[in-house]
J.: 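Take a look at the following structure, please.
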Amino acid sequence: MTTNTRTTSGTSRPRHAHRKPGGHRERLAQWTFVLPMMLFLLLFFCYPVLRNLAMSFQEWTVASFYEGGSPFVGLDNYIALVTDPIFGRAVLNTALFTAGSLLFQFVIGLGLAVFFQRRFPLSGTLRGLMLLPWLLPLVVSGAVFRWIYDEGFGVLNQLLLGLHLISDPIPWLSSTQYALTSAIIANIWVGVPFNLVILHSGLQAVPASLYEAAALDGAGPWQRFRMITLPLLRPVIAIVLMLGLIYTLKVFDMIMILTGGGPANASETLTTWSFALSFEEFDFGQGAAVGNLLIVIALVFALLYLRSIRNTFSSQGERG
Amino acid sequence: MTTTRRVGNTVVGILLVLVFLAPVYWMINVSLQSSDALLRTPPAWFPFDPTWSGYAEALRTQGSHLVTSLVIALGTVVFTLLVSAPAAYALARFRLRGTLALVLVVLLVQMVPGIVMANSLYPIFSGVGLLDSYPGMILADSTLTVPFAVLILRTFMSGVPGELIEAARVDGCGQWRTFGSVVLPVCRNAVITAGLFSFLFAWADFLFAVSFTTGNTIQPITVGIYRFVGNQTTNWNGVMATAVLASIPAAVLLLTAQRYVAAGITGGGVKE
């Protein structure tokens, strides 16, 4: 199959080019289509990312903005970060926040996707309503959870007290013990719809005949899920986890509005810490250094992902 | 499948939605109760004595912020479509040198964390006077929307039948004319999807809003809510009423354009 399509496009391409020689003017007209985007990417991605790299080797203070002058200080910013007691805390919190969010978003999303694969009245409408949390501004969801978690009057404590599951209200956001977990739970709620939609569209591509054949062979629901759904869904699962990881690494709004990274840095992640360093302490050099660390982490996972899909493709090629 | 099992599934589905959307219910419920009622325990499970005072306060204190966000979001949509649609067409159709590399760049820039952009754009904006300004916010928010719009539009534009484009060319249309009068109308749905999502991204942005506005001249609604929550934690009905108002674009989008929404979520990154 793959080779077939490849040869077809291979033969049509040169013919196409011969028919339309496209002189200089034509080429020029074509470039005007991409030029605005290229300018935008250069000015608003390439330049800022390089600038951020440069800033991480400079010393920035409030005065840098008024009098100019941000002297080169080598690796000082990075050394200051690594020796900062908050560093370990922020790295650990980022790992916990990302892993916890991803795991539960994925498991709940997959469960819902499998459920909504069934055909029943209102299935599509109900699945559509499930998207709402993903579409709401994160600040809105954060404000709602802030009330839900409110120690005295929030519905969560009232519910747990009413059910006699707890005897004293839990300070969800104001205790170092619970703050990070509370932020993770709220973030899971936001991320489930994304997993649901992508996994559901992946499930649509699994041929129903496979399930029927397996059912005839006597495979139960669990076996069908494990032997058919999961293996065939693997590429989609890789994508959903990869995108989820990139999104979750840079989550800012939710933590910021729930806890602001506190109390006592209990829910500080690399992202909120970077913001605090730059925009609260006006040390843009250290803020930039933390940001670069985030880029490196995202890149490492992106490369791992690219390698894994390359392996999938090559192993498929061998089988075919 | 028997009818009872189908209906059983519907019941389970409705229950799942009710549990999952409970936070949204509480947002609306709290927004309709008076501040005093909200200081009673346990909270009322239903707004038996609804009041609009929360909404009155929301409009009074946050109304201008809603308008600010509306202007920024609309500006972002226009700018994004102007930059992305032609580029997406070129990446989908023209065999220019380096096209593939450009697509890869567009994919990669989506991975740059927002905090890095905020951190480095701040001194840049500060230098050229773009802080606390509409153009600054529109340009910053466009970094969220342009890559997304390019990718989703490119996917759709590769699907435009080649004969249509050829026909227009044979009739003597230039590249831009073909694009404007043939490609764009055919891809109307994709353009709508890209536009709607650009609106939502810009409307929901908080990081750039809180980094690049000081509140002196303009203040987007997300920052309005953030400061509102921070200032007075007892005035929950006003906060929740503002939250409801800020949710309207998302709700409208979901109710009127559900198929675009699903297309946007799956198309943005996955179709690659």
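So that the names make sense, note that chain A is the first sequence line, chain B the second, and so on, each numbered from 1.
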J.: Are the side chain of B/Ser120 and the backbone of A/Asn52 linked by a donor-acceptor contact shorter than 3.5 Å?
T.: no
J.: Checking side-chain contact (heavy atoms from CB on, under 4.5 Å) for the pair B/Val24/A/Val144: CA distance, chi angles, key distance, verdict?
T.: CA-CA 8 Å; B/Val24 179; A/Val144 175; over 6 Å; no
J.: Less than 4.5 Å to any heavy atom of chain B: does that hold for the side chain of A/Ile148, its backbone, both, or neither?
T.: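 For A/Ile148, the contact with chain B is made by the side chain alone.
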J.: May I ask you to decide if the ring planes of A/Phe33 and B/Trp176 are parallel, tilted or perpendicular, using 30° and 60° as cut-offs?
T.: parallel
J.: Less than 6.0 Å separating the ring centroids of A/Trp31 and B/Phe94?
T.: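 No; B/Phe94 has its ring centre 6.0 Å or more from that of A/Trp31.
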J.: Looking only at heavy atoms, what is the nearest atom pair of A/Phe44 and B/Met117, with distance?
T.: O-CE, 2.8 Å
J.: Counting heavy-atom pairs closer than 4.5 Å to chain B, which one of A/Thr271, A/Leu299, A/Val155 comes out on top?
T.: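 Greatest number of close heavy-atom pairs with chain B: A/Val155.
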J.: Walk me through whether B/Val12 and A/Phe115 qualify under side-chain contact (heavy atoms from CB on, under 4.5 Å).
T.: CA-CA 9 Å; B/Val12 174; A/Phe115 174 76; 3.8 Å; yes
J.: Could you go through the side-chain contact (heavy atoms from CB on, under 4.5 Å) check for B/Leu121 and A/Arg51 one step at a time?
T.: CA-CA 9 Å; B/Leu121 283 178; A/Arg51 177 86 189 245; over 6 Å; no
J.: In terms of ring plane angle, is the pair A/Phe279 and B/Tyr122 parallel, tilted or perpendicular, where the classes change at 30° and 60°?
T.: perpendicular
J.: Assess the residue pair A/Asp253 and B/Tyr226 against the criterion (side-chain contact (heavy atoms from CB on, under 4.5 Å)); give the C-alpha distance rounded to whole Å, side-chain angles, the decisive distance to 0.1 Å, and a yes or no.
T.: CA-CA 9 Å; A/Asp253 311 18; B/Tyr226 173 65; over 6 Å; no
J.: Only pairs of heavy atoms separated by less than 4.5 Å count here; which of A/Phe116, A/Phe252, A/Trp147, A/Tyr247 has the most with chain B?
T.: A/Trp147
J.: Test your reading of the model: is there a side-chain donor-acceptor pair from A/Ser278 to the backbone of B/Asn119, 3.5 Å cut-off?
T.: no
J.: Between A/Met38 and chain B, which part of the residue has a heavy atom less than 4.5 Å away: side chain, backbone, both or neither?
T.: side chain
J.: Picking from A/Trp189, A/Phe275, A/Tyr47, which has the most non-hydrogen pairs under 4.5 angstrom with chain B?
T.: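 The answer is A/Trp189.
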